[in-house]
Amino acid sequence: MVEIETGYPLSKLTTIGTGGPAAAFARPESLASLEEVLRWAEERELPSVVVGLGSNLLASDAGVGALVLRLAGDLATVELDGEILRAGGGAANAVCLHRARAAGLGGLEFASAIPGTAGGGVRMNAGAYGREWRDVLIDALVVDADGSSTVPVSELGLSYRHSGLRPGQVVARVRFRLEPSSPEAVKTKVAGLLAQRKATQPTNKRTFGSVFKNPSAELGAGRAIEECGLKGHRIGGALVSPRHANFIENGGGATSADCIAVMAEARRRVHERFGVELEHEVQFLGPLELPPL
Ligand SMILES: Cc1cc2nc3c(=O)[nH]c(=O)nc-3n(C[C@H](O)[C@H](O)[C@H](O)COP(=O)(O)OP(=O)(O)OC[C@H]3O[C@@H](n4cnc5c(N)ncnc54)[C@H](O)[C@@H]3O)c2cc1C
């Protein structure tokens, strides 16, 4: 049986660096151990939640009464089979991209600035620069306490930063279809995209990526918040990034409650000014919610 730790700090599992203890935490390293630990949680009526790199995650300061999983070992490896890249759900996007480039395969460059995992990307249908997971994904091996099944991309319900995965479902493996390219061409494209990122986003700060989904193609969440004069607005240790208003930075000692307070203020002000209800993109873990408008 995979080792189960109690009270593991979620702040160590999130890029923003906030969050209280997890009731239970495990790092399954194989499909069998993942299935086993999911059954263990179900027998105890404990919900299970998988985290990737915690790069779009805000975890409650009070912690979470759930089994939190981080996929490791076989569930985080990357292999190539011709133009198909097979990745464990816990494989970092950076590793997938590195392996693809070394093999002379392109198509994943858009993911270079998305600091998550292959499985987290499915859950969020992560995307950038006009491409998203559903454009490269073939299928995903989805596991829950009842077993596992391979689900084709067309049945994953992927849309803008959304999937049809149910709570408790874990993406254990994925297959991406890539295309021939030269390592040099991939490298050049990635360098260009990363330079764009660096110029417009707080890449050297602790954040959880986009706070809110863009309300429409005409009105980005960042521009709406910026036009409310909120860049740099700080509550406790959390602040609206002075670089990009749809990011919240941990300015030192932030709590998740501080982040929620900043989000609530941004949402209130945008609603007042534009009549738009911002929907959070960042995923909540544990008892967290935004006050009603
Ligand atoms: C600096 C920065 C820049 C970013 N830029 C972008 C961007 O350009 N585009 C974009 O789309 N996102 C961006 N993000 C957000 C984030 O990186 C993506 O949403 C990413 O796909 C989340 O992956 P993760 O593995 O870290 O998931 P987590 O943040 O750990 O989890 C997010 C959600 O996915 C679920 N999940 C995680 N792993 C699995 C799994 N194996 N199976 C099932 N569910 C799972 C979690 O339970 C949670 O609900 C950015 C974040 C940062 C910090």
Side-chain angles (χ1 to χ4, degrees), residues 10 12-17 19 22 27-28 31 34 38 47-59 64 66-72 75-76 87-96 108-135 137 140-144 148 151 156 158-174 193-194 196-198 200-214 220-222 241 243-244 246-250 280-286 288:
L10 294 164
K12 288 193 179 172
L13 297 174
T14 57
T15 50
I16 187 86
R27 297 176 200 263
L31 198 52
L34 172 61
L38 288 172
S48 42
V49 191
V50 59
V51 303
L53 295 189
S55 62
N56 207 196
L57 213 52
L58 186 63
V64 57
L67 167 68
V68 175
L69 299 172
R70 181 169 253 183
L71 306 182
L75 301 177
N93 299 339
V95 176
C96 296
L108 268 187
E109 295 88 336
F110 74 95
S112 58
I114 306 178
T117 59
V122 176
R123 173 69 183 75
M124 301 303 299
N125 187 28
Y129 309 110
R131 272 172 86 80
E132 49 194 10
W133 246 236
R134 67 176 163 185
D135 298 325
L137 196 64
L141 179 68
V142 178
V143 182
D144 62 20
S148 59
V151 184
L156 284 164
L158 302 185
S159 58
Y160 174 52
R161 304 301 167 262
H162 171 85
S163 72
L165 290 171
R166 292 189 305 278
Q169 287 190 309
V170 178
V171 174
R173 290 201 182 110
V174 303
L193 296 177
L194 291 178
Q196 265 186 56
R197 275 295 161 123
K198 221 171 155 188
T200 54
Q201 294 184 6
T203 49
N204 59 348
K205 306 282 181 197
R206 300 199 76 162
T207 72
F208 45 68
S210 294
V211 180
F212 297 105
K213 296 185 182 184
N214 289 321
S241 171
R243 175 70 60 99
H244 190 306
N246 198 26
F247 282 72
I248 289 176
E249 295 178 8
N250 183 342
H280 62 93
E281 179 170 324
V282 58
Q283 301 294 295
F284 292 163
L285 187 53
L288 281 179

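Throughout, numbering of the chain's residues begins at 1 and tracks the sequence. Computed from a prediction, not measured in an experiment: that's the story for all the values here. First listed ligand is number 1; within each ligand, the first listed atom is number 1. Reckoned from all heavy atoms, side chains included, excluding hydrogens, waters and symmetry mates.
Looking only at protein heavy atoms, the nearest one to atom 49 (O) of ligand 1 is Gln283 CG, 3.6 Å. Looking from atom 8 (O) of ligand 1 to the surrounding protein, the closest heavy atom is Arg197 NH2, 2.5 Å. Protein heavy atom in closest approach to atom 29 (O) of ligand 1: Asn56 N, 2.7 Å. Considering only non-hydrogen protein atoms, atom 45 (C) of ligand 1 sits nearest to Val50 CG1, 3.4 Å. In terms of protein heavy-atom proximity, atom 20 (C) of ligand 1 is closest to Ser55 OG, 3.7 Å. At the shortest separation from atom 25 (O) of ligand 1 among protein heavy atoms lies Thr117 OG1, 2.6 Å. Counting protein heavy atoms only, atom 42 (N) of ligand 1 is closest to Val171 N, 2.8 Å. Summary of contacts: the protein heavy atom closest to atom 1 (C) of ligand 1 is Thr207 OG1, 3.9 Å.
A side-chain donor-acceptor contact under 3.5 Å links Ser55 to the backbone of Pro115. At least one donor-acceptor pair closer than 3.5 Å links the side chain of Gln283 to the backbone N or O of Glu281. Listed for the Trp133 side chain is a donor-acceptor partner under 3.5 Å among the backbone atoms of Ala118. Counting only distance, with no hydrogens or angles, the side chain of Thr15 and the backbone of Thr207 share a donor-acceptor pair below 3.5 Å. Of the possible polar contacts, one joining the Tyr160 side chain to the Asn214 backbone as a donor-acceptor pair under 3.5 Å is found. Arg131 places no side-chain N or O within 3.5 Å of a backbone atom of Phe110 that could act as its donor or acceptor partner. The backbone N or O of Arg134 lies less than 3.5 Å from a partner atom in the side chain of Asn125, making a donor-acceptor pair.
Across Leu57, Asn93, Leu58, heavy-atom proximity to atom 31 (O) of ligand 1 is greatest for Leu57. Across Ala92, Pro115, Ala111, heavy-atom proximity to atom 4 (C) of ligand 1 is greatest for Pro115.
Residue Ala113 touches ligand 1 through its backbone alone, judged by heavy-atom distances below 4.0 Å. Using a 4.0 Å cut-off between heavy atoms, Leu71 contacts ligand 1 through its side chain alone, with no backbone atom that close.
Other residues, nucleotides and ligands place more than 12 heavy atoms under 6.0 Å from the NZ atom of Lys213.
Of the residues Val142, Leu71, Val49, the one that meets the side-chain contact (heavy atoms from CB on, under 4.5 Å) test with Val170 is Leu71.
Close contacts of ligand 1 with Met124, meaning ligand atoms under 4.0 Å from a residue heavy atom, involve 19 (O), 33 (C). Using a 4.0 Å cut-off to heavy atoms of Ala126, the atoms of ligand 1 that qualify are 11 (O), 21 (O). With ligand atoms numbered from 1 in the order given, ligand 1 contributes 8 (O) to contacts under 4.0 Å with heavy atoms of Ala128. Within ligand 1, counting atoms from 1 as listed, the ones closer than 4.0 Å to a heavy atom of Arg161 are 11 (O). Of all the atoms in ligand 1, the ones that sit under 4.0 Å from a non-hydrogen atom of Gly121 are 21 (O). Close contacts between ligand 1 and Gly209 involve ligand atoms 2 (C), 50 (C), 51 (C), 52 (C), 53 (C) [criterion: under 4.0 Å to a heavy atom]. Atoms of ligand 1 found under 4.0 Å from any heavy atom of Gln169 (numbered from 1 in listed order, with element): 43 (C). Short contacts between ligand 1 and Gly127, defined as distances under 4.0 Å to a heavy atom of the residue, involve ligand atoms 7 (C), 8 (O), 9 (N), 10 (C), 11 (O).
Note on ring orientation: taking the six-membered ring where Trp is involved, the planes of Phe247 and His244 are perpendicular (angle over 60°, cut-offs 30° and 60°).
Heavy atoms of Val170 come nearer than 4.0 angstrom to ligand 1 in at least one pair. Under a 4.0 Å heavy-atom criterion, Glu132 is not in contact with ligand 1.
Nearest heavy atoms, Asn93 versus Thr117: OD1-C, 3.1 Å. Across all non-hydrogen atoms, the minimal contact from Arg70 to Gly54 is NH2-N, 4.2 Å. Across Arg206 and Ile16, no two heavy atoms sit closer than the pair O-CD1, 3.4 Å. Nearest heavy-atom pair across Leu31 and Leu75 is N-CD2, 3.9 Å. For the pair Leu34 and Ala172, the tightest heavy-atom approach, listed with the atom from each and the gap, is CD2-CB, 4.0 Å.
Between Val51 and ligand 1, no pair of N/O atoms sits closer than 3.5 Å. The shortest N/O to N/O separation between Gly54 and ligand 1 falls below 3.5 Å. Considering backbone and side-chain N/O atoms, Leu165 never comes within less than 3.5 Å of an N/O atom of ligand 1.
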